[in-house]
K.L.:
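Pasting in a structure now, in structure tokens, and then I'll have a few things to ask.
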Amino acid sequence: MNPVSREFYRRDPREVAPELLNKLVVRGDRVGRIVEVEAYVGAIDAGSHAFRGMTPRNATMFGPPGHLYVYFTYGMHWCANAVCGDDGEGLAVLLRALEPVDGLDEMRAARGVKAVRDRDLCSGPAKLAQAFGIDGQFDGADIVTGDRGVLICDDGMAPPSKPGQSARIGLAAGKGHEHPWRWFVTGNPHVSRGVPGKPPTPKRRPR
DNA sequence: ACCGGGATGTTCT
DNA sequence: GAACATCCCGGTG
């Protein structure tokens with residue numbers, strides 16, 4: 001394979017994100033093509049985990065580029081980002097959806113849900129993390145050297161010349177939901193079903 | 001197709 | 001205590 005260089009990531013995530021489209025996420029036999037991403041822009045972005053500065057949780061975001069920032073959310077899901085920019089900036093690109101290319105059986109086994117169609121394997125940030133077995137152990141993994149077995153590679157397919165673009169998914173009002181920092185491969189069925197501007201309705205747990 | 005509710009637990013106010 | 005870069009399943013149309 002041909003890993004993307006560290007310098008590729010050492011830029012504004014709004015430049016990096018659309019260029020990550022059509023690149024490959026690789027872990028062993030499992031391979032997926034990136035079809036949807038979102039940029040998170042640190043101190044100027046109320047939607048970013050880095051907006052209020054460094055904490056133990058988001059420390060990886062403030063580290064060097066070309067590593068995974070993996071976080072836990074909604075009590076049960078992991079999501080994976082590629083850290084961008086320079087050391088200390090707190091910039092990242094969230095991997096939101098992949099088109100499965102190889103290792104689909106392994107992905108299906110890792111997903112664990114019944115009756116999964118191919119398009120349900122990796123069509124969402126937590127789905128793709130689960131399909132690839134990416135959890136908190138992978139926070140900080142180097143995706144340029146592949147120190148923990150996960151790489152982002154270039155197989156020669158160029159990014160779309162005119163990617164789809166929209167506001168980001170799942171952000172509440174006042175949390176940067178207006179910024180058009182989501183990019184996707186137009187028409188690809190493996191793009192997530194999320195709708196920009198429709199954050200999850202607040203739920204109340206019984207008790 | 002589009003809804004609504006439940007599952008889970010960490011982080012931050 | 002509320003929010004959270006979510007997903008699944010079962011209802012209704």
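Numbered from 1 within each chain, the chains take letters A, B, ... in sequence-line order. Bear in mind that the values here come from a model prediction, so they are computed numbers and not experimental data.
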K.L.:
Enumerate, atom names and distances included, each donor-acceptor pair closer than 3.5 Å involving a side-chain atom of residues 150-168 of chain A, sequence neighbours excluded.
P.N.:
unit_1: Asp154(A); atom_1: OD1; unit_2: Gly156(A); atom_2: N; d: 2.7
unit_1: Asp155(A); atom_1: OD1; unit_2: Arg33(A); atom_2: NH1; d: 3.3
unit_1: Asp155(A); atom_1: OD1; unit_2: Met157(A); atom_2: N; d: 3.2
unit_1: Asp155(A); atom_1: OD2; unit_2: Arg33(A); atom_2: NH1; d: 3.4
unit_1: Asp155(A); atom_1: OD2; unit_2: Arg33(A); atom_2: NH2; d: 2.9
unit_1: Gln165(A); atom_1: NE2; unit_2: Pro180(A); atom_2: O; d: 2.7
unit_1: Ser166(A); atom_1: OG; unit_2: Arg182(A); atom_2: NH1; d: 3.0
unit_1: Arg168(A); atom_1: NH1; unit_2: Ala39(A); atom_2: O; d: 2.9
unit_1: Arg168(A); atom_1: NH1; unit_2: Asp45(A); atom_2: OD2; d: 2.7
unit_1: Arg168(A); atom_1: NH2; unit_2: Asp45(A); atom_2: OD1; d: 2.9
unit_1: Arg168(A); atom_1: NH2; unit_2: Gly176(A); atom_2: O; d: 2.9

K.L.:
For DNA chain C, what residues of residues 36-47 of chain A have any heavy atom nearer than 4.0 Å?
P.N.:
Tyr40(A), Gly47(A)
K.L.:
Rounded to the Å, how far apart are Arg117(A) CZ and dC7(C) C1'?
P.N.:
14 Å
K.L.:
Can you pull out the residues from residues 123-137 of chain A that lie within a 4.0 Å heavy-atom distance of DNA chain C?
P.N.:
Gly124(A), Pro125(A), Ala126(A), Lys127(A)
K.L.:
With side chain to side chain donor-acceptor pair (under 3.5 Å) as the rule and sequence neighbours excluded, what pairs involving residues 67-82 of chain A come up?
P.N.:
His49(A)-Tyr69(A)
K.L.:
Dot-bracket for DNA chain B, 5' to 3', with Watson-Crick and G-U pairs under 3.5 Å, [ ] for crossing pairs and | for other-strand pairs: what is it?
P.N.:
|||||||.||||.
K.L.:
Over all heavy atoms of both residues, which pair between Val191(A) and Ala97(A) is shortest? Give the atoms and the distance, please.
P.N.:
CA-CB, 4.1 Å
K.L.:
Under 4.0 Å from OP1 or OP2 of dC7(C): is there any side-chain N or O of Arg111(A) that close?
P.N.:
no
K.L.:
Let's see if you get this right: which residues in residues 176-186 of chain A place a heavy atom under 4.0 Å from DNA chain B?
P.N.:
none
K.L.:
Run the side chain to side chain contact (heavy atoms under 4.5 Å, CB included) test against Thr186(A) and tell me which residues pass, sequence neighbours left out.
P.N.:
Phe184(A)
K.L.:
Can you list, by residue number, the residues of residues 72-92 of chain A that have a non-hydrogen atom closer than 4.0 angstrom to DNA chain B?
P.N.:
Phe72(A), Tyr74(A), Gly75(A), Met76(A)
K.L.:
Does Arg193(A) put a side-chain nitrogen or oxygen below 4.0 Å from OP1 or OP2 of dC7(C)?
P.N.:
no
K.L.:
Sequence neighbours excluded, which residues qualify as side chain to side chain contact (heavy atoms under 4.5 Å, CB included) partners of Glu15(A)?
P.N.:
Arg11(A), Asp12(A)
K.L.:
Kindly give the atom pairs (protein nitrogen or oxygen, nucleotide nitrogen or oxygen) under 3.5 Å for nucleotides 11-13 of chain C.
P.N.:
none

K.L.:
Starting at atom NE2 of His49(A), determine the distance to atom P of dT13(B), rounded to an integer number of angstrom.
P.N.:
13 Å
K.L.:
Restricting to side chain to side chain contact (heavy atoms under 4.5 Å, CB included), what partner residues turn up for Leu98(A), sequence neighbours left out?
P.N.:
Val25(A), Ile34(A), Cys122(A), Leu128(A), Phe132(A)
K.L.:
Quick test of your reading: applying salt bridge (Lys or Arg N to Asp or Glu O under 4.0 Å), list the pairs with at least one residue in residues 84-98 of chain A, sequence neighbours left out, ordered by first then second residue.
P.N.:
Arg10(A)-Asp86(A), Glu36(A)-Arg96(A), Glu38(A)-Arg96(A)
